[in-house]
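To keep things clear, I will list the structure first and then write my remarks on it.
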Amino acid sequence: MKLINIGFGSLVSEERLVAIVSPDSAPIKRMVQESRERGMLIDATYGRKTASIFIMDSDHVILSALPPEKFGVKVQSQQAEERD
């Protein structure tokens with residue numbers, strides 16, 4: 001199982017990840033609010049501003065304080081290491 005560090009010692013499973021999105025758009029904000037109401041929201045920002053949102057295949061939504069661009073580089077470098 002591959003894990004992605006989403007900041008502050010928190011990890012998520014790469015295999016369960018559907019998307020990493022920016023929190024700026026209204027539809028994403030609605031999705032976060034709906035997840036909060038259903039009890040499916042995990043806040044891993046540790047009180048900081050949300051910079052990226054992880055959408056998981058289990059319908060969980062995870063908030064992170066690290067920007068989405070940072071995770072793209074991590075996933076790509078992990079995949080390159082696996083090929084070598």
Side-chain angles (χ1 to χ4, degrees):
M1 174 168 61
K2 301 287 182 187
L3 298 174
I4 299 173
N5 183 350
I6 63 169
F8 309 106
S10 300
L11 305 168
V12 296
S13 172
E14 183 180 336
E15 288 106 17
R16 307 291 307 265
L17 182 63
V18 175
I20 304 172
V21 296
S22 175
D24 299 329
S25 71
I28 298 298
K29 290 177 182 178
R30 275 193 303 275
M31 180 184 62
V32 168
Q33 185 58 38
E34 290 169 2
S35 295
R36 180 176 283 122
E37 292 167 359
R38 290 185 329 211
M40 301 295 282
L41 182 71
I42 300 170
D43 187 348
T45 62
Y46 289 84
R48 291 171 175 81
K49 182 180 177 190
T50 300
S52 61
I53 299 173
F54 288 72
I55 302 168
M56 310 304 286
D57 65 357
S58 62
D59 281 342
H60 284 89
V61 173
I62 304 172
L63 307 180
S64 174
L66 299 179
E69 299 82 30
K70 191 159 192 133
F71 301 110
V73 171
K74 286 182 182 181
V75 171
Q76 288 173 0
S77 65
Q78 286 176 357
Q79 290 173 347
E81 289 174 6
E82 289 175 4
R83 283 185 244 140
D84 293 340

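In this text the structure is predicted, and so the values were computed from the model without any measurement.
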Shared hydrophobic cluster, [X] / [Y] (ILVMFWY, side-chain heavy atoms < 4.5 Å):
| X | Y | answer |
| --- | --- | --- |
| Ile4 | Ile62 | yes |
| Ile42 | Leu17 | yes |
| Met56 | Leu66 | yes |
| Ile20 | Val12 | yes |
| Leu41 | Ile55 | yes |

Minimum heavy-atom separation for [X] to [Y], with atom names?
| X | Y | value |
| --- | --- | --- |
| Met40 | Ser58 | CE-O, 3.4 Å |
| Ala44 | Ile6 | CB-CD1, 3.7 Å |
| Ala51 | Ala65 | CB-O, 3.3 Å |
| Ser64 | Thr45 | C-CG2, 3.8 Å |
| Met1 | Glu15 | CG-OE1, 3.3 Å |
| Lys29 | Asp24 | CE-O, 3.6 Å |

From CG (Asp59) to CE (Met31), nearest 0.5 Å: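 Between atom CG of Asp59 and atom CE of Met31 there are 10.5 Å.
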Reference residue Val61; test side chain to side chain contact (heavy atoms under 4.5 Å, CB included); the match among Asp43, Val21, Ile53: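 Answer to the side chain to side chain contact (heavy atoms under 4.5 Å, CB included) test with Val61 among Asp43, Val21, Ile53: Ile53.
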